[in-house]
Amino acid sequence: MKNKIKRLLTYAAAAVAAMACFACGDDKPHTHTYESAWTYNSEYHWHAASCGHDGKATDKSAHSLTVQEHREESCEQDGYTVYACVCGYTTREEYTAAGHTYGTEAWAHDGATHWRPALCGHDDAKGDQAYHSYTLGNRCLCGYEYQEMPAEWFAFERRGGGYAVTGFSAAAQEKTEIRLPAVYNGLPVTEIAEYAFAEQIELTGVILPSGIQSVGREAFRNCTELASVVLSAGLTHIRAAAFEGCAKLQNVLLPEGVTELGAYAFEGCAALANLSLPTTLSSLGEQAFAYCTALQCVSLPQGVQTIGANTFLGCAALSQVMLPDGITSVGNQAFARCTALQTVTLPDTVTFIGMNAFKGSGLTAIELPDSVEYLGAYAFRDCASLVSATLSKKIAYTTGDWFSGCGALRSLTVPFVGNHTSDGEAIETAFGFIFGTQPQNGDLFAATQQNGNTYYIPKTLTHVTVLGGTVSDNAFAGCDHIERITLTANVTETMLSFAGCSAQIERLS
């Protein structure tokens, strides 16, 4: 019996030795080796085997986290804490901004609005801000009292059920601020007449009482020293060129209720940096903010459906534009020479983009929704930073020269190249037609002969995608710098479509 047990123990020891020797699949004993770098998941870290045995690990343990970075949340800014382990694993906790705290007793006010002041040290934060409501004569519940000027300083004209102010009277001395009376001869003052204070270069401030419904055409045109305008509740219309040329006008708060901004309304207001458009606005006239060179951000309200010609022409500081669903057209030169505008998202309700719409802007990429049916000539001309462009599949016909002068363009998706039918008429164009024949810098553009014309195609362009149509003979002739042309299944071609072009042709099924 003892011999039998001894033999069994001998066999067991041999088996263990065999496992130690051959567990790694080798015919020699093997000691695992491990990576010096840590491997980790969300709970543990370890050193993984470096000898090819993925199931082996050493030093496995739970993370030991220490604070790597921390930012306290504030009224306006979210906070966070980043925790890190020695293995390289990190995790982050987010803390939502606390929001401003406001007083509940005293009001603060200016000539147009009142608000609860912030208790958290942020003087620019305003709680419960609203326009004054004059339920106590000229006095608002907040304590603000509208100090109007004597009525005899102004000239009036009877209109409808009230009066329009037509300007200063002969009795007025030279004034630097206007505070119109709310009532004249027992009737409300409802309008500022056309041309009423135009060219009054001494004016520095305007405060309008509630009850003014309309600011007339060119009412304050070329008031070059006018820096502050307070527009009160009740205003609905600002007519054409009302504040045109007011070069020092910095802040304008348009009250809810305004439905119309006329053409040229704020053209040339070079100091106008902040602009809040009311949700009630439905009509935005042509050239309304042209050459407002300090304007940085614009959010158009839902009711605006068209952006007229030249609306933001030459707004060199404009870097953010929010366009609502419902916009149907972008007029000629609407955003031309907006050099700080790098991106814009067009809603899928836009059907029309006019001539020179984004000419000379700072766009780096553009993607037109498939709702766009018309793209005007020179729409993106001289967009020197434009790298990528995708055009709509529904563009009914080409006007040419869309990308003339776009010397950085690398990737381009077009609805067609060559034969295309529009209004029953067959049009045959070469690829270069969309870049135009205007001579360009030879360092940036390749002068390419196609269909008897010389087109100037950016040398940076390496990839073109064609979505439909027929690629005509020699359409890409001379485009040696294009590396790849992608054709969708909708594209047809001829035997000579790519003659004179060395690009790799990809066909999508």
Side-chain angles (χ1 to χ4, degrees), residues 365-368 370 372-375 377-381 383-384 386-509:
I366 187 67
E367 183 173 355
L368 300 187
D370 284 336
V372 175
E373 298 177 358
Y374 179 87
L375 184 63
Y378 320 118
F380 302 100
R381 186 173 186 172
C383 290
L386 189 64
V387 173
S388 172
T390 299
L391 301 183
S392 165
K393 298 176 183 177
K394 293 183 180 179
I395 294 177
Y397 60 96
T398 177
T399 52
D401 284 352
W402 291 330
F403 299 102
S404 174
C406 296
L409 194 62
R410 298 177 189 172
S411 174
L412 178 62
T413 298
V414 294
F416 60 86
V417 173
N419 294 332
H420 187 66
T421 301
S422 171
D423 298 330
E425 180 182 358
I427 301 172
E428 183 170 314
T429 63
F431 176 66
F433 185 66
I434 62 177
F435 296 97
T437 58
Q438 178 70 32
Q440 303 290 339
N441 184 339
D443 293 334
L444 299 176
F445 296 86
T448 306
Q449 297 291 326
Q450 297 175 348
N451 286 2
N453 295 304
T454 301
Y455 298 111
Y456 292 84
I457 302 174
K459 292 180 179 180
T460 52
L461 186 63
T462 58
H463 184 205
V464 175
T465 299
V466 183
L467 301 177
T470 298
V471 182
S472 60
D473 290 351
N474 305 301
F476 287 90
C479 295
D480 295 333
H481 57 286
I482 297 178
E483 299 173 1
R484 188 158 51 103
I485 298 174
T486 302
L487 309 177
T488 68
N490 298 321
V491 178
T492 57
E493 57 188 282
T494 72
M495 291 290 290
L496 299 177
S497 289
F498 302 103
C501 174
S502 59
Q504 176 184 346
I505 310 301
E506 299 177 342
R507 295 174 176 82
L508 302 180
S509 57

Engineer: How many angstroms lie between CG in L409 and OG in S388, if you round to the nearest 0.5 Å?
Structural biologist: 7.5 Å

Engineer: Show your working on salt bridge (charged side-chain N to carboxylate O under 4.0 Å, His left out) between K393 and E373 and close with a plain yes or no.
Structural biologist: CA-CA 8 Å; K393 298 176 183 177; E373 298 177 358; over 6 Å; no

Engineer: Are Y455 and F435 near enough that their ring centres are under 6.0 Å apart?
Structural biologist: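 Ring centroids of Y455 and F435 are no less than 6.0 Å from each other.
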
Engineer: Minimum heavy-atom separation for G500 and D480, please, with both atom names.
Structural biologist: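 Answer, listing the atom of G500 first, then D480: O-OD1, 3.8 Å.
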
Engineer: Closest heavy-atom contact between T454 and A447?
Structural biologist: CG2-CB, 4.0 Å

Engineer: Taking the six-membered ring for Trp, are F498 and F476 closer than 6.0 Å centroid to centroid?
Structural biologist: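 Yes.
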
Engineer: To the nearest 0.5 angstrom, please state how far the CG atom of L444 sits from the OH atom of Y456.
Structural biologist: 13.5 Å

Engineer: Can you pull out every side chain to side chain donor-acceptor pair (under 3.5 Å) where at least one residue sits in residues 432-443? Sequence neighbours excluded, please.
Structural biologist: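 Counting only pairs at least two positions apart or across chains, the side chain to side chain donor-acceptor pair (under 3.5 Å) contacts touching residues 432-443 are S404-Q440.
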
Engineer: Roughly how far, to the nearest 0.5 Å, is the OG1 atom of T390 from the CG atom of L368?
Structural biologist: 8.0 Å

Engineer: Compile the donor-acceptor pairs under 3.5 Å between side chains in residues 481-489 and protein atoms, sequence neighbours left out, one pair per line.
Structural biologist:
| residue | atom | partner | partner atom | Å |
| --- | --- | --- | --- | --- |
| H481 | NE2 | P458 | O | 3.0 |
| R484 | NH1 | E506 | OE1 | 3.4 |
| R484 | NH2 | H463 | ND1 | 3.4 |
| T486 | OG1 | H463 | NE2 | 2.9 |
| T486 | OG1 | E506 | OE1 | 2.9 |
| T488 | OG1 | L467 | O | 2.8 |
| T488 | OG1 | N490 | N | 3.4 |

Engineer: So does F380 have more than 12 non-hydrogen atoms from other groups sitting under 6.0 Å from CZ?
Structural biologist: yes

Engineer: Please step through side chain to side chain contact (heavy atoms under 4.5 Å, CB included) for the pair F416 and V471, ending with a clear verdict.
Structural biologist: CA-CA 8 Å; F416 60 86; V471 182; over 6 Å; no

Engineer: Within the 4.5 Å heavy-atom criterion, are L461 and F403 side-chain neighbours or not?
Structural biologist: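 L461 vs F403: side chains apart.
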
Engineer: Might you point out which heavy atoms bring P415 and S392 nearest each other, and give the distance in Å?
Structural biologist: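 Of all heavy-atom pairs spanning P415 and S392, the closest is CB-O, 3.3 Å.
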
Engineer: Do T494 side-chain atoms and S497 backbone N/O form a donor-acceptor pair below 3.5 Å?
Structural biologist: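 The answer is yes, because a donor-acceptor pair under 3.5 Å joins these two groups.
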
Engineer: Within the 4.5 Å heavy-atom criterion, are I457 and F431 side-chain neighbours or not?
Structural biologist: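 Yes, at least one pair of side-chain atoms sits under 4.5 Å.
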
Engineer: Can you measure from SG (C406) to CG (L386) and round to the nearest 0.5 angstrom?
Structural biologist: 5.0 Å

Engineer: If you measure only the distance, is there a donor-acceptor pair under 3.5 Å linking the side chains of T470 and T492?
Structural biologist: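 There is such a pair between these side chains.
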
Engineer: State whether the side chain of K394 and the backbone N or O of Y374 hold a donor-acceptor pair below 3.5 Å, judged by distance alone.
Structural biologist: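 No; zero donor-acceptor contacts below 3.5 Å.
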
Engineer: Rounded to the nearest 0.5 Å, what separates atom CG in N474 from atom SG in C479?
Structural biologist: 11.0 Å

Engineer: If we check side-chain contact (heavy atoms from CB on, under 4.5 Å) with V491, which of these qualifies: L508, V417, V466, T465?
Structural biologist: V466

